[in-house]
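Encoded as structure tokens, the structure appears first; notes follow it.
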Amino acid sequence: MAADDFSRRVYAVVRSLEPGDLVSYGDVAAQAGRPGAARAVGRLMAGSDGLPWWRVVTSTGRLVPGLEREHAAHLESEGFTIRGNRVVPDDRVS
DNA sequence: TATCTGACGATAG
DNA sequence: CCTATCGCCAGAT
């Protein structure tokens, strides 16, 4: 069914993410063919493993609630700058 | 089949 | 900038 294909596509998209890449849940949902299903994407990511989930953040750049610590560590390893619980969009005046 | 849940997103206060 | 609320979607029970 459509929903099944959707979840399949979501996994494919996340698996295709490369180091240094950063996308939002809404982005993944849209690329999976279901814009607006950002929430469903998060649901799928939570139950799946072996995927670069840390390369996916919320639309506002907020890190995953409950895993902020680990999430931040992964992103920093990819070369991103984390401030508080958010990915810094751009380094600006300190 | 009905209902609840949640790693979201946008808007309002 | 932060919290609260509503709307949306797929999965689980």
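Keep in mind the model is a prediction, meaning the values are calculated, not measured. A, B, ... follow the sequence lines: proteins, then strands. Residue 1 opens every chain.
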Where [X] and [Y] come nearest, the two heavy atoms and their spacing:
X       : Y       : result
A:His71 : A:Trp54 : NE2-O, 2.7 Å
A:Arg15 : A:Pro52 : CA-CD, 4.2 Å
A:Phe6  : A:Leu44 : CE2-CD1, 4.0 Å

Looking at the side chain of [X], which of [options] is the nearest nucleotide?
X       : options               : result
A:Arg62 : B:dA7, C:dA10, C:dT3  : C:dT3
A:Arg39 : C:dC8, B:dT5, B:dA7   : C:dC8
A:Ser59 : B:dA10, C:dG11, C:dG7 : B:dA10

Given atom [atom1] of [X] and atom [atom2] of [N], what is their separation to the nearest angstrom?
X       : N      : atom1 : atom2 : value
A:Arg86 : B:dC8  : CZ    : C1'   : 15 Å
A:Asn85 : C:dT3  : CG    : P     : 10 Å
A:Glu70 : B:dA7  : CD    : P     : 15 Å
A:Phe6  : C:dC8  : CZ    : C1'   : 11 Å
A:Tyr25 : C:dG7  : OH    : P     : 23 Å
A:Met45 : B:dG6  : CE    : P     : 18 Å
A:Arg43 : C:dT13 : CZ    : C1'   : 11 Å

Using a heavy-atom cut-off of 4.0 Å across all strands, would you classify [X] as base, sugar-phosphate, or nothing?
X       : answer
A:Thr60 : nothing
A:Ala37 : sugar-phosphate
A:Leu63 : nothing

Should the pair A:His74 and A:Trp53 be assigned to parallel (<30°), tilted (30 to 60°) or perpendicular (>60°) ring geometry?
perpendicular

By the Watson-Crick or G-U definition, both distances under 3.5 Å, C:dG7 is matched with B:dC8

For A:Arg55, look at atom CZ and say whether over 12 heavy atoms of other residues, nucleotides or ligands are found less than 6.0 Å away.
yes

Check the phosphate of C:dA10 against A:Arg34, side-chain N and O only, distance under 4.0 Å to OP1 or OP2. Yes or no?
yes

